[in-house]
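What follows is a short report on a single structure.
A note on names: the letters A, B, ... follow the listed sequences, proteins ahead of strands, and every chain is numbered from 1.
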Amino acid sequence: MTFSDLGLSPKVLSAVSDAGYTKPTPIQAGAIPHALLGKDVLGIAQTGTGKTASFVLPMLTRLEKGRARARMPRTLILEPTRELAAQVEENFIKYGKNHKLNIALLIGGVSFDEQDKKLERGADVLIATPGRLLDHRERGKLLLNGVEILVIDEADRMLDMGFIPDIERICEMIPFTRQTLFFSATMPPEITKLTEKFLHAPVRVEVSKAASTATSITQRLVKSGNKPWEKRETLRNLIKAEDADLKNAIIFCNRKVEVSELFRSLLKHDFDAGALHGDMDQRARMQMLNNFRDGKLRYLVASDVAARGLDIPDVSHVFNYDVPIHAEDYVHRIGRTGRAGRAGKSFTIATRSDTKYVDAIERLIGAKIEWHDGDLSTVTESEGEEQPRRGRGAPRRAGRNDEDRKDRGERKKDRHAKRDEAPEIAREEQPVAEVADIAERRARKDAIRSENERKGSGNRHEQRGDARPQRDRPGRHREEDDATVGFGDDVPAFMRIVAKV
DNA sequence: AAAAAAC
C-alpha cells in the first residue's frame with residue numbers, strides 16, 4: 001500500500017513524496033479514501049499515529065475545486081490548544097505547497113487584526129481554538145455557513161478542558177450538509193453522545209492503541225524530600241547522572257508557578273533550558289517550543305500543555321518533577337519519549353506525600369515502577385517551615401545551598417519589588433517583542449525549510465539529530481550575554497515576573 | 001488540585 005493507492009490528487013502526492021513519505025500509516029490508509037468520498041469519519045487514534053495527515057491530505061485534494069469567499073471559510077479545524085493549532089497549520093503549509101490556499105490560524109494570545117485580514121481575504125482553511133473562533137464570530141467578522149468540511153480534533157481532550165459546549169455551539173452554526181471528520185484518542189460516553197449528534201453515518205476507523213506505556217520506555221521512580229530545593233537538587237543530580245544518554249528532555253511540573261520557578265533555577269545552574277506553560281506570552285510559547293524542537297534548547301520545563309499531542313520527535317528523556325495527580329496524565333507525559341520505537345527514559349520524582357498518586361499510576365499501567373536508587377523508606381519528610389540548613393554561625397559552603405538561597409531570595413525580592421520593577425518592564429517590552437518576533441519568524445521559516453529538505457530520507461529524527469548544533473553542557477560557565485537562551489539579547493517579561501498566584 | 005482556552 002502506497003499513498004498513490006488512496007485517491008489523493010497529484011499535487012498532494014507530490015508534496016507527500018517531497019516530504020519523504022511513501023507508506024501511509026494505518027489511520028491514513030483507513031481514513032483518507034472515505035474522507036475523499038465526502039463521508040463522515042470517526043477516527044479513534046492517538047497522536048503520533050499520523051492522524052493529522054489523515055485529514056490534511058484529503059482536505060487539500062477536496063479544496064482544489066472552488067474558491068473561498070470573504071469571511072466565509074470553506075473548511076474549519078478545531079484544536080484544543082494553540083500549539084496544536086499551529087502544528088496543523090504547519091502541516092497545511094508543508095503538504096499544500098503546490099496549492100494556492102489561504103490559511104488562517106485563529107488562536108488566542110496574538111493580535112486580532114492580522115487574523116481578521118486573512119478572514120477578509122477569504123480562507124480556504126481555518127484552523128482555530130474555540131475561544132478565539134467564537135470571539136471573531138461574535139464580532140460579526142466570521143460566517144460559518146460556507147464551511148464544507150469540519151474537523152474536530154482531540155475531542156476527548158476538548159472534553160477534559162470543558163470545551164464541549166463551545167464545540168456544540170460551533171457545530172450548530174455550520175450547515176448539516178457539511179462533511180465532518182472527528183478524531184479522539186478515547187471514546188468516553190460524552191464523546192460518543194457528541195458523535196451521535198453531529199456525525200452522519202460515519203465510517204469508524206480505529207487504530208490499535210499503542211501499548212499504553214510503550215515497552216521502549218524505561219520508567220523509574222526517584223525518591224526525594226518534599227522541599228522545593230530538595231526536589232530541584234534531586235532533579236539536577238539526576239540530569240547530570242543521565243548526561244551521557246540524554247539528548248533532550250521535557251521536565252513536567254504540575255503547576256505553572258513551578259514551571260517558572262524551576263525554569264529560572266535551571267538557568268541559574270547553567271542548564272540549557274526553556275519553559276512552556278499557558279500563562280506565558282504566546283510568542284514566547286511558540287519560540288520556546290520551536291527552539292526545543294530545533295535542538296537549540298536541551299531541556300523544556302513544561303506544564304501539561306505539553307503533555308499531549310505536541311509533535312516533538314525524539315525526546316530522549318521525560319522527567320516528572322511532580323507526580324501527576326491524574327494517572328492518565330502520566331501516560332501522556334511519558335509518551336513524549338520512546339516515540340517511533342526508539343528507546344526513551346522517564347524518571348518521576350516522588351516524595352512521601354505522592355505515594356497515593358504513584359499507587360494510582362501503577363494501578364493504571366498495571367505494573368510496578370522500579371525505584372531508581374532506593375525507595376522512600378529512607379527519606380524523612382519534615383513538616384512545617386523548617387528551612388534548609390544555613391545556620392548563622394556555621395560557615396556556609398559556596399555552591400548548592402548558596403545558590404538555592406539566592407533562588408529564594410530572588411523570589412522574595414521579585415514579590416516585593418514588583419511595583420518598582422514595573423516601569424522597567426514596560427520600557428523593555430517593546431524591543432523584546434520585536435526581537436522575539438523576528439526570531440520566531442526565522443525559527444518558523446527554518447522549521448519549514450528543514451522539513452522540505454528531508455527529501456529522500458524517510459527518517460527525520462536522524463537528520464535532525466545530525467544537524468543539531470553543539471549544545472551547552474550543564475556546569476559550563478556561560479557568558480552573561482547568552483544567559484537568556486533562545487532570546488537574543490533581551491529577557492522576556494515573563495522571566496522577570498513571578499507568575500501570578 | 002491543576003491545566004488548558006477569549007477579551
Heavy atoms only, 4.0 Å cut-off, all strands: where does A/Asp304 land among base, sugar-phosphate and nothing? nothing
Between the base of B/dA1 and the side chain of A/His326, is one N or O donor paired with an acceptor at under 3.5 angstrom? yes
Would A/Glu138 and A/Arg169 count as a salt bridge (charged side-chain N to carboxylate O under 4.0 Å, His left out) here? Give the steps. CA-CA 12 Å; A/Glu138 274 152 26; A/Arg169 268 180 72 201; 3.1 Å; yes
Please work out which of the three classes, parallel, tilted or perpendicular, describes the rings of A/His317 and A/Phe319, given edges at 30° and 60°. parallel
May I ask you to verify if any side-chain N or O of A/Thr81 is less than 4.0 angstrom from the OP1 or OP2 atom of B/dA5? no
Can you tell me how far P of B/dA6 sits from CD1 of A/Ile107, to the nearest Å? 8 Å
Tell me the interatomic distance from A/Met161, atom CE, to B/dA1, atom P, rounded to whole angstroms. 20 Å
Between the side chains of A/Arg178 and A/Thr180, is a donor N or O closer than 3.5 angstrom to an acceptor N or O? yes
What is the separation between atom CG on A/Leu134 and atom C1' on B/dA4, rounded to the nearest whole Å? 16 Å
Distance check needed: B/dA1 P versus A/Tyr330 OH, whole Å only. 23 Å
Send over the distance from A/Arg333 CZ to B/dA2 C1', rounded to a whole Å. 10 Å
A/Arg255 CZ to B/dA4 P, straight-line distance once rounded to whole Å: 13 Å
At under 4.0 Å, does any side-chain N or O of A/Arg82 touch on OP1 or OP2 of B/dA6? yes
Considering only side-chain heavy atoms of A/Asp329, which listed nucleotide, B/dA6, B/dA1, B/dA2, is closest? B/dA2
What is the distance, to the nearest angstrom, from the CD1 atom on A/Ile325 to the P atom on B/dA3? 9 Å
Under 3.5 Å, is there a donor on one side chain and an acceptor on the other for A/Ser111 and A/Asp113? no
At 4.0 Å (heavy atoms only), tell me whether A/Gly162 reaches a base, stays on the sugar-phosphate, or touches nothing. nothing
Without swapping roles, check the side chain of A/Asn237 against the backbone of A/Thr234 for a donor-acceptor pair under 3.5 Å. no
To the nearest angstrom, the CD1-P distance between A/Ile127 and B/dA5 comes to 16 Å
B/dA4 OP1/OP2 closer than 4.0 Å to side-chain N/O of A/Arg285: no
I want to check one thing: is the phosphate of B/dA4, taken as OP1 and OP2, less than 4.0 Å away from some side-chain N or O of A/Ser303? yes
